[in-house]
2 protein chains.
Amino acid sequence: MAWQVTHKEQSKDKILTSAAMLFTHHGFDKISIDQVMEKAELTRGAFYSHFSSKSDLYAQAINKAAQVAYQRTPDNETVQMAEYAQFYLSPAHRDDNLQQPCPLAFLVSDINQKNEQVKSTYTKTFKRFIKLAEQSITDRQQALQSAALMIGGLAIARALNEEPLSDELLKSCQAGVLTLTENE
Amino acid sequence: MAWQVTHKEQSKDKILTSAAMLFTHHGFDKISIDQVMEKAELTRGAFYSHFSSKSDLYAQAINKAAQVAYQRTPDNETVQMAEYAQFYLSPAHRDDNLQQPCPLAFLVSDINQKNEQVKSTYTKTFKRFIKLAEQSITDRQQALQSAALMIGGLAIARALNEEPLSDELLKSCQAGVLTLTENE
DNA sequence: GTCTATAAATAGATAGAC
DNA sequence: GTCTATCTATTTATAGAC
């Protein structure tokens, strides 16, 4: 019987799986413990025998989300990143609400949960940024790539709590913009 | 006297400037109307004669933040994007709490406001992602660039509310990963 | 370990005086 | 237009029965 998963472990895993999906799709603040527990088919009172706080749950849920998401990577010996990127950067990955998407991208989002007025303003701001880029980068595709690398690089750099890694990322992205716009 | 800014306009601008700074640095949910009004040296009651809701303020504050941030771009006739990227992707821009940073990157962040446990988990997940990338991209710098472009591209694509633009961005980023890893 | 009930705090929004 | 005071809803977290 040693291989059996205990009832407690089952419950915790159910809570984590539910939380991973809800948090990645809707963000930390939009999701209450109630909603997580309801999706896990438990009640609120049971929560604190598994986690010490909502933040504790969040940290563990990010882990869970990553595990589940990366299970979907081709399980050959090595992942071909350039190939994986084709799926990763697809409308299917962006829009799918049924499977567990990549938390690294989905959790970097204070905007997505917001209403249309807010998203509309964000979109307009992004377009202005692209227009700015196109003043010196004539190829529109290169302008979009550069903008995504800049915004993404800075956003991730801010989310990391290890400064050497964060600095290294910034430097790499600087060089990346140069590579992408080399022929200008 | 026609050129004079009215008292009401001054108040609204003060609220917007305060909100822009607070929201970009700490996120929508962490900032209360109270805090915004306090920074603007007004009280809560005055808020609703300028804005219909907190969301309304948020949308307008993003605009304000973009205006202020882009004022700092070199005001020659045209901006050299590759050059601007060097500042944009600098620790100074990442860490500065005194000036208005770019809202496009700073608002794409459900993580930054969170505690160290959460940021630590996010960092570990990012490192795992890089390790995955390095299975097929031997140059570490290229691995970092590709990851930032993928995560950033997807995150922004999700934040945009115009599907053709969002799709175009995804496609551009797919091509960008190929360009960045061309010599592999 | 899970449940129901409840405490305690926070924050968005409104009312009415000046 | 700005103030103080208040209503109301939400939500994290805890207490105690089973």
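This is a predicted model, so every value here is computed, not measured. Convention: sequence-line order gives letters A, B, ...; per-chain numbering from 1. Heavy atoms only: backbone and side chains are in, while hydrogens, waters and symmetry mates are out.
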Side-chain donor/acceptor of B:Tyr122 to backbone N/O of A:Leu160, under 3.5 Å: no

Member of B:Glu9, B:His50, B:Glu41 meeting the side chain to side chain donor-acceptor pair (under 3.5 Å) criterion with B:Lys14: B:Glu41

Spacing of B:Lys12 atom NZ relative to D:dG1 atom C1', expressed in whole Å: 14 Å

Of the listed nucleotides D:dC3, D:dG1, C:dT14, the one nearest the side chain of B:Leu42: D:dC3

A:Lys30 atom NZ, over 12 foreign heavy atoms within 6.0 Å: yes

A:Thr123 and B:Asn161: CA distance, side-chain angles, deciding distance, side-chain hydrogen bond (donor to acceptor under 3.5 Å, both in side chains) verdict: CA-CA 7 Å; A:Thr123 302; B:Asn161 74 341; 3.0 Å; yes

Salt bridge (charged side-chain N to carboxylate O under 4.0 Å, His left out) contacts touching residues 50-68 of chain B (sequence neighbours left out): B:Asp13-B:Lys64

Value in whole Å for how far the C1' atom of D:dT11 lies from CZ of A:Phe47: 12 Å

Between C:dT2 (C1') and A:Lys14 (NZ): distance, integer Å: 13 Å

B:Ser11 side-chain N/O to D:dG1 phosphate OP1/OP2 under 4.0 Å: no

Stretch residues 25-38 of chain B: residues that reach within less than 4.0 Å of DNA chain D through a heavy atom: none

B:Ile15 CD1 to D:dT2 P, straight-line distance once rounded to whole Å: 7 Å

The single option from B:Leu169, B:Leu170, B:Leu149, B:Ile151 passing side chain to side chain contact (heavy atoms under 4.5 Å, CB included) against A:Leu89: B:Leu170

Separation of D:dT12 P from A:Tyr48 OH (nearest whole Å): 7 Å

Nucleotide D:dA13, atom P - distance to CG of A:Asp56 in whole Å: 10 Å

Options D:dT2, C:dT2, D:dA13, nucleotide nearest the side-chain atoms of A:Arg44: D:dA13

Under-4.0 Å side-chain N/O to phosphate OP1/OP2 contact, B:Thr43 with D:dC3: yes

Closest to side chain of A:His7, choosing from D:dT12, D:dT2, C:dG1: C:dG1

Distance-only side-chain donor-acceptor flag, A:Ser55 / B:Gln117, under 3.5 Å: no

Separation of atom CZ in B:Phe51 from atom P in D:dG1, rounded to whole Å: 12 Å

For atom CD of A:Glu9 and atom C1' of C:dG1, their distance in whole Å: 14 Å

